[in-house]
J.: 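Before I ask anything, here is the structure I am working with.
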Amino acid sequence: MTALLTIEDLHVRFAAPDGAVHAVRGVDLEVRPSETVALVGESGSGKSATALAFMGLLPRSAEVTANALRLGDEDLLRDGGRRTRRLRGGRMAMVFQDPLTSLNPHLTVGDQILEAVKLHTDLSGGAARARVVALLDEVGVPQPARRALAWPHQLSGGLRQRALIAMALAGDPALLIADEPTTALDVTVQAQILDLFQRLCADRGTALLLITHDLGVVAAAAHHVAVMYAGRVVERAGVSELFSDTRHPYTRGLLASIPGDLGSRDRLPQIAGAPPDPLDLPSGCPFRPRCPEEVDRCAEEEPPLDGPAACWVKGEAS
Amino acid sequence: MTREPGFWSDSLTRFRRARGARVGVLWVGLLLVCAGLAPWVANEHPLRVSHADGSWWPVLEAYTPEDVGWSGALLAWIVWMGLARLGRSRAARVAGLLVLAATAVTAARADPVNLAPNDWGEIGARDGTSLAWAPIRHGPGEIDKDAVLVAPGVPGHPLGTDAIGRDVTARLLHGARTSLLVGLVAAGTATLIGLVVGALAGWYRGRVDAFLSWVVQVVACFPAIVLVITVCAFMRPSLLLVMLLIGLTGWTETARLVRGEVMRLRELAFVESARALGTPGIRILVRHVLPHAMGPVIVQAALAVAGAVMLESALAFLGLGPVDTPSWGRLLQEGRDALPNGGHLVLLPGLLVFFTICAWNLVGEGLRDATDPHAEDVP
């Protein structure tokens with residue numbers, strides 16, 4: 001099956017006062033139809049920048065280059081982004097992290113979804129309003145007709161996130177990109193929203209690119225996982241292989257950091273050191289200063305992602 | 001199924017409850033009453049002539065498009081306020097707009113009869129004919145040769161006359177029209193230009209912003225009075241010219257305000273969210289960004305009205321306004337020429353200008369408090 005989302009050799013550079021920040025350094029990614037792919041990494045690893053670059057939502061000051069950015073057979077690199085804007089909210093849609101600030105406080109929830117419906121369908125008037133209520137119902141908002149008239153501040157965080165998902169679904173997208181959709185929510189609501197994503201993707205056959213730093217979310221929702229570190233994908237695997245046969249020491253560090261059965265006085269496990277300064281990456285493998293398994297070659301050459309992991313020691317890159 | 005009141009209806013409720021704003025609106029409303037009823041209060045012709053065969057209304061025959069406009073505006077305001085008081089805010093808006101539309105049509109088709117300076121006394125003396133007069137039997141331009149520069153309190157001239165025998169009450173009433181019109185049109189023009197320029201500069205940034213900010217700085221450096229003096233030296237001064245000149249020089253504050261607001265707002269998450277939905281840029285600007293900037297803009301607009309009233313009075317005082325339009329500033333200047341006699345000619349228009357500027361400032365302050373999102377919730 002051909003891929004729905006194709007990213008080949010994506011680079012993103014931001015101009016900063018002290019030089020260019022190379023936020024994404026050659027990312028390859030594929031999402032096939034109806035598949036959920038998780039993009040995992042800590043803050044600053046370039047996972048959001050990758051998604052925003054694909055959606056064409058980075059500020060103009062960001063320099064984006066790639067060998068290919070494709071949604072199905074649409075080439076997003078042509079037409080200087082015009083094609084991307086036409087597809088946004090239609091064949092591809094995005095859900096953001098903070099459901100309160102992502103809704104316009106001056107418009108009712110229904111009016112905002114209505115705007116998306118009118119932009120991406122031929123419906124108008126009563127039919128468009130009925131569609132808004134149907135969408136709210138589909139994302140599990142109770143009393144959808146009444147909630148359509150509510151202002152954003154009258155809804156709880158979970159309901160706001162559901163409303164944003166309804167907006168994203170208005171154009172019946174083939175690909176949904178969710179940028180940490182559960183981070184700003186309560187733990188109980190997180191589980192509900194994840195269930196909702198899984199149900200929607202199963203019902204509609206929508207592909208999902210799920211950006212997260214929460215491996216619990218990954219285990220629950222994703223089919224495939226790409227782990228990012230310092231602007232590159234360092235490990236790529238099916239979700240069960242990732243957890244059972246972890247190849248990259250960074251991923252292993254992440255897995256070891258999940259709080260398990262800890263005594264009250266135990267320290268939380270963590271990866272030693274801090275993420276590298278994007279303006280001053282270490283030579284060779286960027287994870288080398290924090291890696292417990294460093295060998296000589298790590299300082300000389302950055303390992304490519306030829307096999308499942310970009311690592312000289314555990315990967316299959318000779 | 002109804003939705004709860006949003007930000008703007010909450011703001012309106014808060015505005016209605018603010019005491020200062022009430023005083024300001026009351027004064028402006030009073031000016032509108034004066035402007036709308038001026039020909040019915042001060043008229044050298046009788047309001048109604050009735051005789052054996054029927055009756056006719058000289059006041060209506062002589063209604064100019066200007067009279068129609070002001071009376072219609074007053075009527076629209078009364079209809080709107082009345083229905084809004086009854087809680088029918090949607091009906092109030094529709095009815096008010098309908099009255100305004102009807103006013104515009106009527107004003108465009110108005111065909112005023114130029115009544116001759118009839119000897120109404122003789123007509124009134126005929127058998128079976130009676131005349132109904134306005135409370136003040138003098139128009140704003142009529143010269144009463146028998147009563148030059150009389151002090152207030154004289155029968156027939158309750159607020160006295162000026163140096164050539166024109167009734168001060170009539171001229172002050174018509175001056176209210178000039179004050180309202182210049183204030184609203186000039187401030188409206190300024191706000192509109194400021195809104196567009198500021199929005200474009202803040203939204204597109206970069207070169208567009210650099211150019212527009214440069215224009216703002218150049219225009220902000222123009223001293224309006226000197227500009228008007230210069231333009232009036234080359235063109236025949238008219239009220240429209242004065243309004244446009246005040247508007248064309250007074251928009252820079254609004255532009256700066258809107259530019260800053262738009263630059264702040266365009267970075268907010270819901271704007272990115274709208275972009276992610278494929279909303280076209282201009283639509284995001286108009287629907288998602290500008291409504292959030294409108295609070296400060298309408299406050300600025302109300303304060304700009306006060307500024308425009310002040311500037312118009314100053315220009316008229318310097319003798320730069322149109323000669324044929326009664327204006328408080330012009331009355332003030334004429335009164336000054338008559339000093340030390342006729343102190344009322346200076347005092348009355350001066351007080352009116354003062355109170356009007358205070359009123360518009362009170363309205364502005366009330367709007368500022370009402371549109372403050374951190375204000376207490378309306379219970």
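Quick note on labels: first sequence line is chain A, next is B, and so on, each numbered from 1. Excluded from the calculations below are hydrogen atoms, water molecules and symmetry mates; all remaining heavy atoms, backbone and side chain alike, are included.
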J.: Sequence neighbours left out, what pairs pass ring pair (Phe, Tyr, Trp, His ring centres under 6.0 Å) with at least one residue falling in residues 281-308 of chain B?
T.: His106(A)-His292(B), Phe270(B)-His292(B)
J.: A quick test of your reading: do over 12 heavy atoms of other residues, nucleotides or ligands sit less than 6.0 Å from CG of Asp122(A)?
T.: no
J.: Nearest 0.5 Å, please: how far is CE in Met55(A) from CZ in Arg275(B)?
T.: 10.0 Å
J.: Tell me, for Leu52(A) versus chain B, whether the close heavy atoms (under 4.5 Å) come from the side chain, the backbone, both or neither.
T.: side chain
J.: Quick one: what part of Gln154(A) sits under 4.5 Å from any heavy atom of chain B, side chain, backbone, both or neither?
T.: side chain
J.: Extract all donor-acceptor atom pairs below 3.5 Å that involve side chains of residues 158-166 of chain A and protein atoms in other chains or at least two apart in sequence.
T.:
unit_1    : atom_1 : unit_2    : atom_2 : d
Arg160(A) : NE     : Pro152(A) : O      : 3.1
Arg160(A) : NE     : Leu155(A) : O      : 3.1
Arg160(A) : NH2    : Leu155(A) : O      : 2.8
Gln161(A) : NE2    : Phe96(A)  : O      : 3.3
Gln161(A) : NE2    : Pro181(A) : O      : 2.8
Arg162(A) : NH1    : Val139(A) : O      : 2.8
Arg162(A) : NH2    : Gln192(A) : OE1    : 3.4

J.: Which atoms of Ala148(A) come close to chain B, meaning under 4.5 Å heavy atom to heavy atom: side chain ones, backbone ones, both, or neither?
T.: neither
J.: Looking only at heavy atoms and a cut-off of under 4.5 Å, which of Gly171(A), Pro105(A), Ala170(A), Ala150(A) has the most pairs with chain B?
T.: Pro105(A)
J.: Quick check: are there more than 12 heavy atoms from other residues, nucleotides or ligands sitting under 6.0 Å from CE of Met310(B)?
T.: no
J.: Are side-chain heavy atoms of Pro280(B) and Leu119(A) found at a separation under 4.5 Å?
T.: yes
J.: Using non-hydrogen atoms and a 4.5 Å limit, figure out which bit of Arg287(B) sits close to chain A: side chain, backbone, both or neither.
T.: both
J.: Near Arg129(A) CZ, under 6.0 Å, is it more than 12 heavy atoms from other residues, nucleotides or ligands?
T.: no
J.: I need the minimum non-hydrogen distance between Met94(A) and Ala276(B), along with the two atoms involved.
T.: CB-CB, 4.1 Å
J.: Tell me, for Arg60(A) versus chain B, whether the close heavy atoms (under 4.5 Å) come from the side chain, the backbone, both or neither.
T.: side chain
J.: Quick check for you: among Ser102(A), Gly89(A), Pro59(A), which has the greatest number of heavy-atom pairs under 4.5 Å with chain B?
T.: Ser102(A)
J.: More than 12 foreign heavy atoms under 6.0 Å from CZ of Arg283(B): is that the case here?
T.: yes
J.: With rounding to the nearest 0.5 angstrom, report the OG to CD distance, Ser273(B) to Gln112(A).
T.: 7.5 Å
J.: Asp179(A) versus chain B, heavy atoms under 4.5 Å apart: side chain, backbone, both or neither?
T.: neither
J.: For Leu277(B) and Glu115(A), what are the C-alpha separation, side-chain angles and deciding distance, and is it a side-chain contact (heavy atoms from CB on, under 4.5 Å)?
T.: CA-CA 9 Å; Leu277(B) 281 172; Glu115(A) 184 172 25; over 6 Å; no
J.: Identify which part of Ile177(A) has an atom lying under 4.5 Å from any heavy atom of chain B, answering side chain, backbone, both or neither.
T.: neither
J.: Can you tell which part of Asn104(A) gets under 4.5 Å to a heavy atom of chain B, answering side chain, backbone, both or neither?
T.: both
